[in-house]
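Everything below concerns the one structure shown next.
In this chain, numbering begins with 1 at the start of the sequence shown. These numbers come from the heavy atoms of this one structure, side chains and all, not from hydrogens, waters or symmetry mates.
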Amino acid sequence: MKAFLMTVLSSMLMILSVSAQTGSTINVRGTIKDVAGEPIIGASILLQGTTSGVVTDYDGNFSIQAPDNGTLVISYVGYVTQTIAIQNRKAIDVILQEDTELLEEVVVIGYGTVKKNDATGSVTAINADNLVKGMATSASDLLVGKAAGVSVTTDGGAPGAGATIRIRGGSSMSASNDPLYVIDGVPVDNGEFKGMSNPLATIHPSDIATFTILKDASATAIYGSRASNGVIIITTKKGQQGKPQISYNGSVSVSTKIKNVDVMSADTFRSFVTEKFGEGSSQVLALGNENTNWQNEIFRTAVSTDHNVSVAGAAAEIPYRASVSFTDENGILKTSNLQRFTGALNLSPSFINDRLRVQLNVKGMYNKNRFADRGAIGMATQFDPTQPVYMTGNTYGNGYFIYMKEDGMPIDIGLSNPMAMINERDDRSTISRSIGNAQFDYRFNFLPDLRANLNLGYDISKSDGDVIITDNAPMTWTAGAYKKGFGENSHYSQFKKNTLLDFYLNYSKTYGIHNIDAMAGYSWQHFYRDEKNQYPYSAAWAQQEGKEFYKDGDDYATENYLISFFGRLNYSLLSKYLFTFTLRNDGSSRFNPDNRWGLFPSVALAWRLSEEEIFKNINSLSDLKLRLGYGVTGQQNLGSGDYPYMARYMYSKAGANYYFGNTKYPLIAPLAFDENLKWEETTTWNVGLDYGFLNNRINGALDFYSRKTNDLLNTVSVAAGTNFSNQLLTNVGTLENKGVEFSINAIPVSTPDWNWTIGYNISYNKNTITKMTINDDPNYVGNIYGGIDGATGYNVMIHSVGKPFGSFYVYEQIYTPEGKPIEGGYVDQNKDGVINEKDLIPFKKAAPDVFMGLSSQVSYKNWDLGFSMRASVGNYAYNNVQSNREAYGGSHMFDQTGFLKNRIVSAPYTNFEISQPRSSYYVQNASFLKMDNITLGYTLNELFTTKQSGRIYLTVQNPFIYTKYKGLDPEFNGGIDNNIYPRPRVFMLGFNLNF
């Protein structure tokens with residue numbers, strides 16, 4: 001019955017659709033072929049003005065019932081759509097022409113563009129509008145899982161959280177591993193912006209047009225000393241000729257906590273304490289009578305909104321686009337909030353008969369943040385669940401529960417009340433930032449193949465912030481440097497200015513079978529930063545103490561310059577043999593004049609095999625290109641300031657002064673320095689294959705690469721008396737990355753009603769440190785780092801020769817036959833009968849071996865369904881939450897001053913009396929499979945009239961994750977799991993309106 005009704009309904013709709021066109025109905029047959037005469041399978045034939053249509057069969061044939069005066073719309077992916085009037089014809093044969101615009105798609109590269117098919121380097125271009133999006137507040141959110149070789153890890157779930165982006169692994173141990181970001185031609189500052197978590201949050205995601213990711217040195221060397229970690233070029237949307245088009249993108253979202261750290265409930269904790277220490281013990285007497293779930297107390301369900309309005313068109317023949325947006329994002333940790341206003345304006349006028357083209361871009365942002373104390377997250381997992389949130393009748397703590405001594409004073413080493421940490425600490429910031437440029441491109445009248453390009457840009461920001469802790473709050477007695485009851489408040493301000501001048505000449509000409517594209521230019525960039533910090537008393541304490549500040553403030557200004565000469569030559573023969581050579585000469589003020597200039601060359605070859613006669617006969621083959629690239633890039637962002645090579649003095653800590661009479665003089669001390677310091681250099685080899693089938697309905701790339709960083713910075717020991725310290729940062733090491741990347745994009749289904757696109761990428765990277773010291777030293781184990789909570793002075797990570805970057809440094813745990821860890825049972829690595837630091841070993845690593853991304857979009861008529869998911873394999877994490885909350889003996893659970901700390905539920909299983917912070921047991925497999933988002937949408941082709949359209953959609957972000965990791969979330973930066981702001985599950989309702 002149901003099938004019968006569906007058949008009747010379909011027939012009625014067909015009749016109604018056809019009847020909408022006047023004329024009698026006829027049966028139209030035909031064949032669809034390409035220019036080579038080959039039939040096109042699955043081409044769409046749609047009756048114009050209706051939803052009625054068919055697709056061609058295996059031989060390219062079709063048959064459709066249509067009015068004799070109707071019109072057919074014939075389309076196929078990769079071909080130009082044709083509109084054909086029937087004119088009473090019963091047989092229509094059509095030849096579709098290839099869409100040359102698609103085949104000659106242009107991608108943005110450094111200082112210019114190139115046809116996608118002519119690119120010789122490893123370049124990934126992403127159209128932002130085609131991405132399956134979840135809740136995105138910055139450009140980095142859009143890139144998660146979208147490109148092979150590009151790993152994006154957000155810094156937890158805080159509003160406006162930053163992200164760590166790695167392209168083909170890290171290339172440095174001590175310097176920055178971040179890629180270079182170029183926004184509309186301006187290489188921007190991606191260093192620390194005080195009061196702002198994510199430097200890429202300046203641009204609203206709705207304003208982004210494309211991303212171009214330059215991965216190998218043949219593509220990135222044009223940026224020279226800043227390109228060792230790859231380049232991400234962001235291009236924003238531009239105006240175009242035509243009537244004004246107004247668009248609105250808005251959403252409302254609800255964020256919820258996914259799960260808690262599995263700590264003991266109040267009743268379980270009481271039983272555990274009683275079992276371990278017995279009735280009447282000091283530990284049992286320290287228990288309270290409440291049942292408090294501290295994690296539930298500090299977290300909440302949060303509602304957020306986002307709005308973006310844009311208008312684009314042309315006024316007086318000048319294309320323009322303007323947009324404004326407002327984001328109000330509340331975090332699931334109470335009090336955390338981000339309010340952001342952004343605006344963007346683009347003008348694209350042309351003058352002198354289109355010989356002078358101008359691009360004017362201005363982007364602005366005003367950001368207001370309230371940062372919640374993330375320390376409360378960790379504190380909530382160990383604060384005694386038998387104690388109350390509030391305490392009445394107590395002079396101390398402002399009404400919050402606080403641990404007290406017998407003499408009636410607060411315990412100065414007691415834990416801080418988590419709710420007080422949230423409510424009694426007000427950490428706010430405001431930041432204004434603007435990025436803009438004016439780009440002039442002039443084509444000479446006497447030589448049209450020669451053009452000059454001048455780009456003037458800036459990136460300016462100003463931030464102010466205050467951290468105010470209420471006087472007498474529990475933290476003023478239990479934390480900080482003073483513990484005297486006053487809030488250790490602070491005020492900071494920062495001003496950053498980045499100015500740019502680029503000028504280059506470009507000559508492009510085709511001579512028969514030869515094509516030459518040559519470019520040469522000059523670049524000047526200046527970075528300036530000014531910061532101030534102050535430490536004021538509250539008004540009440542200032543009056544009591546008779547002074548405004550409780551310690552001396554500090555301020556400093558710094559700057560650096562980068563001057564460059566660069567050039568590139570692209571040559572193609574017969575449009576199938578391609579050659580690219582680039583050269584950049586950088587001069588950085590960060591280095592000694594003798595080491596100031598560095599030369600960064602690259603060369604790349606490509607062979608378009610699909611243009612060879614032997615492959616032209618393969619009809620299903622659309623594109624096949626073999627690439628080989630070599631290049632050298634640098635790293636001048638050393639993380640050691642703007643003057644690392646100079647002899648410098650630094651003020652001692654605030655309060656370290658010397659008095660002559662009543663005059664106070666701050667002390668200064670010399671710093672160790674290496675006058676021969678230079679940039680790290682990374683040499684990259686890349687072999688790649690680009691492919692496309694069925695007119696690029698299936699396309700992708702396969703790349704193999706090898707990267708070696710020389711002159712790697714490392715802190716090494718030097719002989720006493722040779723410098724101002726026995727530890728010196730200098731160029732001594734080497735680091736290697738080797739990997740494979742594969743990506744595939746496909747359109748399996750394309751019919752009048754159904755359309756399905758799918759993309760998949762997978763990346764493998766092996767990272768090895770091959771040298772770390774000036775001379776071979778058998779006693780040098782490596783660069784040990786990675787402090788942990790609950791074990792002061794212990795570090796659990798290492799950079800070690802022959803091992804991957806960021807390995808863990810622990811004892812190898814011994815287990816019982818049942819798999820239970822033995823307390824203090826470790827492998828005696830050197831067989832000397834003693835377990836000591838000589839038995840510590842590099843064990844596993846934080847970075848994954850393999851990571852991959854999968855995205856899919858399916859549409860049926862007006863409905864669409866999309867999802868994005870990722871997997872990370874081979875990454876490990878040190879579970880500091882577990883290592884610090886399992887042992888019950890000594891002061892691990894009970895402090896002798898009289899307070900208890902909660903334990904996680906696994907404590908009875910391990911039954912560790914003494915904490916085992918350097919056990920490999922806590923280095924756990926953090927591989928995961930994660931669904932980032934799922935979106936269901938419905939498109940409204942007509943709102944009020946045919947000129948308006950819209951879309952409504954529902955998105956679920958972070959719906960599920962599969963992992964064996966025992967912690968809260970396996971995805972975080974740095975390898976050590978502690979105080980991570982948990983990612984929420986987000987339910988979002990969104991609207992897109994176009995007028």
Side-chain angles (χ1 to χ4, degrees), residues 104 106-115 118-120 180 182-188 210 212 214 219-224 226-227 231 233-236 238-241 317-320 345-362 435-459 498-511 514-526 561-572 579-587 600-602:
E104 297 182 1
V106 172
V107 296
V108 178
I109 57 174
Y111 307 102
T113 60
V114 67
K115 293 179 182 178
D118 291 342
T120 56
L180 173 67
V182 181
I183 300 177
D184 286 333
V186 180
V188 299
T210 62
T212 304
L214 312 182
T220 63
I222 195 67
Y223 288 105
R226 296 176 289 179
V231 180
I233 301 174
I234 300 173
T235 303
T236 58
K238 305 293 189 291
Q240 55 187 358
Q241 293 289 349
E317 300 300 317
I318 298 177
Y320 67 87
L345 175 65
N346 166 260
L347 300 176
S348 309
S350 297
F351 306 97
I352 318 176
N353 296 324
D354 207 33
R355 292 206 310 272
L356 175 61
R357 297 183 178 182
V358 181
Q359 288 285 345
L360 301 175
N361 296 288
V362 177
I435 300 173
N437 69 313
Q439 193 165 16
F440 306 89
D441 192 281
Y442 179 73
R443 192 174 300 276
F444 291 92
N445 188 37
F446 68 90
L447 186 59
D449 302 311
L450 178 67
R451 61 188 181 88
N453 189 286
L454 174 65
N455 184 27
L456 305 173
Y458 70 88
D459 177 5
N498 160 21
T499 48
L500 167 76
L501 183 151
D502 286 336
F503 177 79
Y504 65 85
L505 294 172
N506 180 260
Y507 177 79
S508 181
K509 180 73 173 178
T510 298
Y511 299 93
H514 308 278
N515 180 268
I516 296 175
D517 190 327
M519 181 268 293
Y522 166 82
S523 178
W524 174 94
Q525 197 161 10
H526 175 223
Y561 291 84
L562 184 67
I563 298 175
S564 311
F565 300 90
F566 55 86
R568 177 172 56 223
L569 172 65
N570 289 324
Y571 168 74
S572 69
F579 169 82
T580 300
F581 174 76
T582 65
L583 185 67
R584 184 169 181 124
N585 194 23
D586 274 345
F600 302 97
S602 79

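If you look at Tyr111 and Phe503, their ring centroids are not closer than 6.0 Å.
With sequence neighbours excluded, the residues forming a ring pair (Phe, Tyr, Trp, His ring centres under 6.0 Å) with Phe565 are Tyr522, listed by chain and number. For the side chain to side chain contact (heavy atoms under 4.5 Å, CB included) test, residues two or more places apart in sequence or in another chain that qualify with Asn570 are Asp517, Arg568, Thr580. Looking at residues two or more places apart in sequence or on another chain, you find a ring pair (Phe, Tyr, Trp, His ring centres under 6.0 Å) between Phe446 and Phe444. With sequence neighbours excluded, no residue forms a side-chain hydrogen bond (donor to acceptor under 3.5 Å, both in side chains) with Ser508. Qualifying ring pair (Phe, Tyr, Trp, His ring centres under 6.0 Å) partners for Phe581, counting only residues two or more places apart in sequence or in other chains: none. Considering only residues two or more places apart in sequence or on other chains, Ala219 meets the side chain to side chain contact (heavy atoms under 4.5 Å, CB included) condition with Val123, Leu214, Asp216. For Asn498, the side chain to side chain contact (heavy atoms under 4.5 Å, CB included) criterion is met by Asp459, Gln525, Phe527, not counting sequence neighbours. Scanning for salt bridge (charged side-chain N to carboxylate O under 4.0 Å, His left out) contacts around Asp502 gives an empty result, with sequence neighbours left out. The salt bridge (charged side-chain N to carboxylate O under 4.0 Å, His left out) search around Arg584 returns Asp586, not counting sequence neighbours. For Pro349, the side chain to side chain contact (heavy atoms under 4.5 Å, CB included) partners at least two apart in sequence or on another chain are Ile318, Leu347, Phe351, Val358. In this view, Arg443 satisfies the salt bridge (charged side-chain N to carboxylate O under 4.0 Å, His left out) rule with no residue, not counting sequence neighbours. In this structure Gln359 satisfies the side-chain hydrogen bond (donor to acceptor under 3.5 Å, both in side chains) test together with Asn346, Ser348, sequence neighbours excluded.
Closest of all the heavy-atom pairs between Gly567 and Ile222 is O-CD1, 3.7 Å. A pairwise comparison of heavy atoms in Gly436 and Val186 identifies O-CG2, 3.9 Å as the closest pair. Scanning both residues, Ala221 and Thr582, for their nearest heavy atoms gives CB-OG1, 3.8 Å.
To the nearest 0.5 angstrom, Leu360 atom CG is 11.0 Å from Lys238 atom NZ. The structure places OG of Ser350 at 7.5 Å from CG of Leu356, a figure rounded to the nearest 0.5 Å. Rounded to the nearest 0.5 Å, atoms CD1 (Ile234) and OG1 (Thr212) are 10.0 Å apart. If you take CG on Leu501 and CG on Asn437, they are separated by 11.5 Å, rounding to the nearest 0.5 Å. The CG atom of Asn585 sits 11.0 Å away from the CD1 atom of Ile563 when rounded to the nearest 0.5 Å. Rounded to the nearest 0.5 angstrom, Asn445 CG and Leu450 CG are separated by 12.0 Å.
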Practice task
Show your working on side-chain contact (heavy atoms from CB on, under 4.5 Å) between Trp524 and Thr499 and close with a plain yes or no.
Solution key: CA-CA 8 Å; Trp524 174 94; Thr499 48; 3.6 Å; yes
Problem - Ile516 vs Leu569, side-chain contact (heavy atoms from CB on, under 4.5 Å): CA-CA, chis, key distance, verdict - result: CA-CA 7 Å; Ile516 296 175; Leu569 172 65; 3.9 Å; yes
Exercise for the section: Evaluate the side-chain contact (heavy atoms from CB on, under 4.5 Å) criterion for residues Asn455 and Leu500: first the C-alpha distance (whole Å), next the side-chain angles of each, then the deciding distance (0.1 Å), finally the verdict. Expected result: CA-CA 8 Å; Asn455 184 27; Leu500 167 76; 3.8 Å; yes
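The shortest distance between side-chain heavy atoms of Arg226 and Val231 does not fall below 4.5 Å.
The main-chain N or O of Thr236 is found under 3.5 Å from a side-chain atom of Asp184 such that the two form a donor-acceptor pair. Checked by atom type and distance alone, the side chain of Asp441 never pairs as donor or acceptor with a backbone atom of Arg451 at under 3.5 Å.
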